[in-house]
Colleague: 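Once you've had a glance at the structure underneath, I'll fire off some questions.
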Amino acid sequence: MLQIYNSFSRQKEAFTPIAPGQVRLYVCGMTVYDYCHLGHARVMVVFDMVARYLRDRGFKVTYIRNITDIDDKIINRAKENGEDIGALTARFIQAMNEDAHALGVLPPDAEPRATQHMPHILEMIGTLLEKGYAYPAKNGDVYYRVRQFKPYGALSGKTLDELKIGARVEVGEAKDDPLDFVLWKAAKPGEPQWDSAWGPGRPGWHIECSAMSTECLGSHFDIHGGGMDLKFPHHENEIAQSEAATGEPFVNTWMHVGFVQLDKEKMSKSLGNFFTVREVLKRFEPEVVRYFILGSHYRSPLDYSDDTLQGAKSALTRLYLALKDLTPAREGGASATYEEKFQAAMDDDFNTPGALAVLFELTRDINKLGADGAAAAPLGATLRRLGGVLGLLQSDPRMFLRGSADDSLSDAQIEVLVAKRSEARRNKNWGESDRLRDELKAQGVILEDTGSQTTWRRQ
RNA sequence: GGCUGGGUUGCAGAAUGGUUAUGCAGCGGCCUGCAAAGCCGUCUACGCCGGUUCGAUUCCGGCCCCAGCCUCCA
């Protein structure tokens with residue numbers, strides 16, 4: 001039985017989809033004004049894993065991940081760059097897709113963009129006004145009247161009065177209540193704008209997700225996810241908007257992914273202590289980064305360090321070494337217990353570290369069979385299959401182990417040295433043979449002799 | 001201050017009321033021309049104080065510490 005930790009109830013719950021056999025999943029994606037950093041990568045990889053596992057579990061999954069392509073940061077960045085907003089967002093959407101692809105993240109079923117869903121956004125704001133949950137302010141903005149929505153604060157575990165203590169009042173605010181939040185921002189000169197019954201402007205951040213999620217998945221759907229930092233106010237506001245507008249429950253299960261941290265501190269744009277995905281990919285292979293992310297539970301903080309990434313690389317190398325000499329087999333064979341253990345781990349709130357431990361048990365059993373490739377092949381097939389559920393182990397083992405040349409020796413240069421060494425070995429010239437091996441080692445190339453055959457891999 | 005997570009062996013990181021997590025690193029052995037890889041064996045735990053229990057790292061209470069949210073942020 002699949003159990004998921006629901007941030008709303010703050011406990012693990014048995015997962016039952018609204019429509020039998022179908023899961024409707026919405027995840028808050030990126031605001032596209034800059035490159036993805038590791039925090040974004042974690043959310044993308046985690047929900048990719050969730051979607052893959054749910055599908056493997058037999059559910060039909062509709063996975064929606066939105067793109068925020070209009071907001072203050074985008075407008076400001078475009079202004080700084082002297083760049084057209086559309087060009088800026090197109091550029092970073094492209095970059096995001098490249099990063100996601102590198103990390104083995106499958107495209108969601110749809111990636112709705114705020115600017116392409118303006119009618120539905122306007123419709124929802126209209127409904128909220130009609131129902132008395134929203135009001136137009138003197139400055140042309142439209143606000144959500146938080147006190148009108150009784151359950152407000154349920155997700156974040158706060159009461160309105162608690163929230164009010166911390167609320168900041170900006171100069172020149174036109175809100176009736178400092179906790180109210182903006183649904184529609186009146187256009188300022190030179191800014192992108194859309195026509196509305198309340199005057200030209202653009203949507204607030206929260207409304208787009210309410211509009212797009214309910215448009216794509218219906219008023220009431222199964223799982224809504226995002227980073228931990230979206231819990232409040234973003235997701236709280238989504239609930240308020242959506243439930244007030246539709247009159248139905250919005251989401252059954254809320255999933256929040258923990259932060260990527262650097263030196264025990266949240267990696268974030270405002271602190272400036274972040275690594276972009278592309279920076280990290282210059283130093284580690286994408287699959288290593290994916291392993292690093294899945295190597296800890298999705299709700300735990302994940303501390304980034306070179307050592308941890310190096311550890312992920314070593315672990316992944318061990319898995320690939322076990323697959324290296326196996327002939328591909330189609331069937332998993334007598335490996336049902338591994339499948340069961342794997343599923344038991346994943347069923348427990350997507351416990352990927354536990355699932356990975358099962359892959360290592362499989363690896364040990366493959367290695368024990370050693371030269372008996374025929375016996376090991378079905379185990380190898382199971383290892384690859386289960387790895388695939390996590391989006392891992394789908395590369396050619398030899399290609400993964402050889403890595404890429406970077407600024408070191410090329411494949412051809414290595415082959416030449418390996419051939420020279422094999423020649424020396426044939427002549428039992430151990431001095432020369434070991435010298436060549438040390439030379440390669442110094443260049444980060446590791447040799448393995450199996451009888452007269454030598455294989456190599458980059459460290 | 002309020003709220004939400006969390007404190008596990010050298011590092012990373014799970015589970016669990018009594019019995020091996022797992023990976024990396026270490027140590028001993030096997031294998032190897034020597035290595036590497038692999039296999040076998042092995043060492044280092046469960047923030048503090050109480051309580052429940054035959055028995056608690058695991059449940060309960062209190063405390064300390066860390067991170068995050070309460071303001072844009074995945």
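Note on naming: letters A, B, ... go to the chains in the order of the sequence lines (proteins, then strands), and numbering restarts at 1 for each one. Any value given below was found using the heavy atoms of this structure, including those in side chains, with hydrogens, waters and symmetry copies removed.
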Colleague: Nearest of B/G23, B/A14, B/A74 to any side-chain atom of A/Met267?
Modeller: B/A74

Colleague: Taking only the side-chain nitrogens and oxygens of A/Lys368, find out if one of them lies under 4.0 Å from OP1 or OP2 of B/C40.
Modeller: yes

Colleague: What nucleotide, of B/U22, B/G13, B/U4, holds the atom closest to the side chain of A/Arg364?
Modeller: B/U22

Colleague: Do A/Glu285 and A/Lys313 sit within salt-bridge range, that is, some charged N less than 4.0 Å from a carboxylate O?
Modeller: yes

Colleague: Would you call A/Phe259 stacked on B/G68, i.e. ring centres under 5.5 Å apart with the planes less than 30° off parallel?
Modeller: no

Colleague: Side chain of A/His37: nearest nucleotide among B/A12, B/A74, B/C70?
Modeller: B/A74

Colleague: Looking at the base of B/A74, is there any donor atom on it, or on the side chain of A/Arg42, that sits under 3.5 Å from an acceptor on the other one?
Modeller: no

Colleague: Kindly say if A/Arg425 contacts the phosphate of B/A35, meaning a side-chain N or O under 4.0 Å from OP1 or OP2.
Modeller: no

Colleague: Is the closest basic N to carboxylate O distance between A/Arg402 and A/Glu415 below 4.0 Å?
Modeller: yes

Colleague: Whole-Å distance between B/A15 P and A/Leu356 CG?
Modeller: 13 Å

Colleague: Figure out the NZ/C1' separation between A/Lys175 and B/U71, and round it to whole Å.
Modeller: 10 Å

Colleague: If you only use heavy atoms from C-beta on, which nucleotide in B/G5, B/G2, B/A74 is closest to the side chain of A/Lys158?
Modeller: B/G2

Colleague: Among B/U22, B/A36, B/G13, which is the nearest nucleotide to the side chain of A/Phe360?
Modeller: B/U22

Colleague: What is the separation between atom NE2 on A/His235 and atom P on B/C3, rounded to the nearest whole Å?
Modeller: 22 Å

Colleague: Taking only the side-chain heavy atoms of A/Lys264 (C-beta and beyond), determine which of B/U22, B/A74, B/A67 contains the nearest atom.
Modeller: B/A67

Colleague: With a 4.0 Å cut-off on N to O distance, would you call A/Lys185 and A/Glu191 a salt bridge?
Modeller: no

Colleague: Has the side chain of A/His256 got a donor or acceptor that lies under 3.5 Å from a partner of the other kind on the base of B/A74?
Modeller: no

Colleague: For a salt bridge (Lys or Arg N to Asp or Glu O under 4.0 Å) check, start with the C-alpha distance between A/Asp161 and A/Arg147, then their side-chain angles and the critical distance, and finish with the verdict.
Modeller: CA-CA 10 Å; A/Asp161 293 325; A/Arg147 297 229 170 232; 3.7 Å; yes

Colleague: Identify whether the distance between the nearest side-chain nitrogen and carboxylate oxygen of A/Arg385 and A/Asp56 falls below 4.0 Å.
Modeller: yes

Colleague: Going by number, which of residues 448-459 of chain A have a non-hydrogen atom under 4.0 Å from RNA chain B?
Modeller: A/Glu448, A/Asp449, A/Arg457

Colleague: Below 4.0 angstrom, which residues in residues 62-81 of chain A have at least one non-hydrogen atom near RNA chain B?
Modeller: A/Lys73

Colleague: Which whole number of Å gives the distance between the C1' atom of B/G28 and that of B/C66?
Modeller: 38 Å

Colleague: Between atom CZ in A/Arg10 and atom C1' in B/C3, what is the gap in whole Å?
Modeller: 8 Å

Colleague: Does the pair A/Arg57/A/Asp347 count as a salt bridge with the N-to-O cut at 4.0 Å?
Modeller: yes

Colleague: Which part of the nucleic acid does A/Ala315 contact within heavy-atom distance under 4.0 Å: base, sugar-phosphate only, or nothing?
Modeller: sugar-phosphate

Colleague: What's A/Gly258 touching, base or sugar-phosphate or nothing? Going by heavy atoms closer than 4.0 Å.
Modeller: base

Colleague: Run the salt-bridge test on A/Asp434 and A/Arg437 with the 4.0 Å N-O cut-off and return the result as yes or no.
Modeller: yes

Colleague: Expressed as a whole number of Å, how far does the C1' atom of B/U16 sit from that of B/C69?
Modeller: 31 Å

Colleague: Salt bridge between A/Lys73 and A/Asp34, side-chain N to carboxylate O under 4.0 Å?
Modeller: no

Colleague: Has A/Tyr5 got a side-chain N or O lying under 4.0 Å from the OP1 or OP2 atom of B/G5?
Modeller: yes

Colleague: Hey, is the side chain of A/Asp434 pairing donor to acceptor with the base of B/G33 inside 3.5 Å?
Modeller: yes

Colleague: Under the 6.0 Å and 45° cation-pi test, does A/Lys12 pair with A/Tyr5?
Modeller: no

Colleague: To the nearest angstrom, how far is A/His297 atom NE2 from B/G13 atom P?
Modeller: 13 Å

Colleague: How is the base pairing of RNA chain B summarised as a dot-bracket string, given the Watson-Crick and G-U wobble criteria with both distances under 3.5 Å, [ ] for crossing and | for another strand?
Modeller: (((((((..(((.....[...))).(((((.......)))))....(((((..]....))))))))))))....

Colleague: Between A/Asp180 and A/Arg145, is the closest basic N to carboxylate O distance under 4.0 Å?
Modeller: no

Colleague: Considering only the P atoms, how many Å lie between B/G13 and B/G29, rounded to the nearest integer?
Modeller: 33 Å

Colleague: Is it true that A/Asp349 and A/Arg299 have a side-chain N and a carboxylate O under 4.0 angstrom from each other?
Modeller: yes

Colleague: Please tell me which of the listed nucleotides, B/G68, B/A14, B/A74, lies nearest to the side chain of A/Glu265?
Modeller: B/G68

Colleague: Are A/Lys266 and B/C69 close enough that a side-chain N or O sits under 4.0 Å from OP1 or OP2?
Modeller: yes

Colleague: Nearest-nucleotide wise, let me know which of A/Tyr33 and A/Gly157 is further upstream toward the 5' end of RNA chain B.
Modeller: A/Gly157

Colleague: Counting only side-chain N and O atoms of A/Ser300, is one of them less than 4.0 Å from OP1 or OP2 of B/A12?
Modeller: no

Colleague: What nucleotide among B/U22, B/A74, B/A14 has an atom nearest to a side-chain atom of A/Pro353?
Modeller: B/A14

Colleague: Can you check whether A/Asn351 has a side-chain N or O nearer than 4.0 Å to OP1 or OP2 of B/A14?
Modeller: no

Colleague: Provide, to the nearest angstrom, the distance between the CG atom belonging to A/Asp99 and the C1' atom belonging to B/A74.
Modeller: 14 Å

Colleague: When rounded to the nearest Å, what value does the distance between P atoms of B/C64 and B/A74 take?
Modeller: 34 Å

Colleague: Are the charged groups of A/Arg426 and A/Glu423 less than 4.0 angstrom apart, N to O?
Modeller: yes

Colleague: Does the distance from a Lys or Arg side-chain N to an Asp or Glu carboxylate O, for A/Arg421 and A/Asp449, drop under 4.0 Å?
Modeller: yes

Colleague: Roughly how many Å is it from CG in A/Leu359 to P in B/C24, rounded to a whole number?
Modeller: 13 Å

Colleague: With rounding to the closest Å, how many angstrom separate the C1' atoms on B/U22 and B/G2?
Modeller: 38 Å

Colleague: What does A/Glu361 touch in the nucleic acid at a heavy-atom separation under 4.0 angstrom: a base, only the sugar-phosphate, or nothing?
Modeller: nothing

Colleague: Give a yes or no on whether a salt bridge exists between A/Arg290 and A/Glu287, defined as a side-chain N under 4.0 angstrom from a carboxylate O.
Modeller: no

Colleague: Hey, is A/Lys324 close enough to A/Glu448 for a salt bridge, meaning N to O under 4.0 Å?
Modeller: yes

Colleague: Provide the distance between the two P atoms, one in B/G50 and one in B/C39, to the nearest whole Å.
Modeller: 44 Å

Colleague: Looking only at side-chain atoms of A/Arg437, point me to the closest of B/A74, B/A14, B/C34.
Modeller: B/C34

Colleague: Tell me what A/Ser268 touches on the nucleic acid: a base, only sugar-phosphate, or nothing, going by heavy atoms under 4.0 Å.
Modeller: base

Colleague: Is A/Arg318 near enough to B/C39 that one of its side-chain N or O atoms lies under 4.0 angstrom from OP1 or OP2?
Modeller: yes

